[in-house]
Amino acid sequence: MFFPADRKVELEPTPVFLDVKGEGATFISHAHADHAVKSAHTVISTPETMALLRCRNYVKKTARHVSSTRDVAGAKVTLFNAGHIFGSSQIKIEKNDSTFLYTGDLSLTESLTAGKADLVECDELLIECNFGLPRYVFPPRMDVGQQMAKWALSNEKQGAISVIGGYSLGKAQEVIAHLNEAGITPLVPSQIASVSKCYNDNGCKRLNYVDLNTIEGQSCLKQSGFTAVFPLREVSAELGYVLREGYSTAVRLAHCSGWCLDFNSPGITGFPLSDHADFNDLTQFVEYSGAKKVHCVYGSAEQFAATLCRKGIDASPVRQQSKKTDGQSLLTNFQVV
Ligand SMILES: [Zn+2]
């Protein structure tokens with residue numbers, strides 16, 4: 001049923017492509033740019049993912065949307081929570097007594113804005129492996145988020161400015177939710193505000209934030225000590241220097257990313273707040289699934305497949321070439337977010 005080279009589930013008359021472009025329906029697991037397919041005519045996704053895709057102009061205005069559990073080309077299609085970001089989902093396709101599951105990006109630990117992934121049984125599995133090496137073991141997301149918020153609260157009480165970096169879609173909103181739990185309403189730039197508004201408008205836990213590009217936002221900058229959430233790449237030593245010069249006060253910087261396990265920038269506190277499954281969770285997911293065949297994709301796919309093979313599980317990495325996928329899509333679809 002599944003063709004790894006094309007990332008395609010062959011259903012008659014309409015095949016389903018998985019987070020890649022193709023001639024058929026397209027399952028979009030979540031709204032990160034490296035999974036969105038702008039040219040898709042028919043999109044299978046959760047309503048929340050479709051709302052985020054539209055908010056970011058990641059799909060055509062005319063795209064047809066399919067979300068609820070229903071038959072697609074004679075097969076039963078069910079979406080399960082992937083726990084990665086708000087709206088993220090896995091897809092299970094059942095046909096002729098055979099079941100196939102694609103996880104998209106996945107997280108098994110509880111979060112404030114995305115819950116956690118459902119464990120799902122299947123015969124054949126395509127699983128993400130961004131953190132598929134044994135050295136990647138994350139502390140629980142909730143614990144890391146609470147530590148980060150405690151750090152920011154302590155800074156505010158000392159009159160210091162905190163700037164926390166995270167990806168604009170998903171991580172920034174999880175950071176805002178944790179700051180809110182600690183009683184902090186952070187300042188955010190417009191690109192994070194617009195995504196956060198989309199979260200609020202589509203039923204996520206209410207996020208409280210102030211857009212920097214408003215009168216209220218500008219007046220908040222005059223307070224002694226405030227907390228801001230910015231895109232990860234903008235939180236740098238240079239930004240710290242500019243803020244220190246401009247405000248004549250202490251400035252504390254932080255990055256929130258799973259990759260903080262690997263490296264941290266000098267002078268920037270790293271919080272390993274990841275929205276991906278770590279090595280142990282990936283292993284647990286595969287074992288629970290009971291899959292007889294496992295395909296591994298993204299990140300450490302080759303190494304994780306080899307790990308599974310040593311456990312006696314039939315696993316292989318997905319080769320990343322496809323005639324159905326243009327060059328640009330190949331590039332964007334296999335970068336980690
Ligand atoms: Zn993602």
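In listed order, ligands and their atoms are each counted from 1. Values below: all heavy atoms of this structure, side chains included; hydrogens, waters and symmetry mates excluded.
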Item checked: Stepwise side chain to side chain donor-acceptor pair (under 3.5 Å) test for Tyr167 and Asp275 -> CA-CA 11 Å; Tyr167 191 69; Asp275 44 24; over 6 Å; no
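The NE2 atom of His84 and the ND1 atom of His32 subtend an angle of 90° at the Zn ion (ligand 1), given to the nearest 10 degrees.
For Asn202 (side chain) and Cys198 (main-chain N/O), a donor-acceptor pair under 3.5 Å exists by modelled atom type.
When you scan the N, O or S atoms of Asp105 for the one nearest the Zn ion (ligand 1), you land on OD2.
In the model, Glu156 has a side-chain atom that pairs as donor or acceptor with a side-chain atom of Thr227 under 3.5 Å. His178 and Gln146 form no side-chain donor-acceptor contact under 3.5 Å, judged by distance and modelled atom types alone.
The Zn ion (ligand 1) has no N, O or S atom of His35 closer than 2.8 Å.
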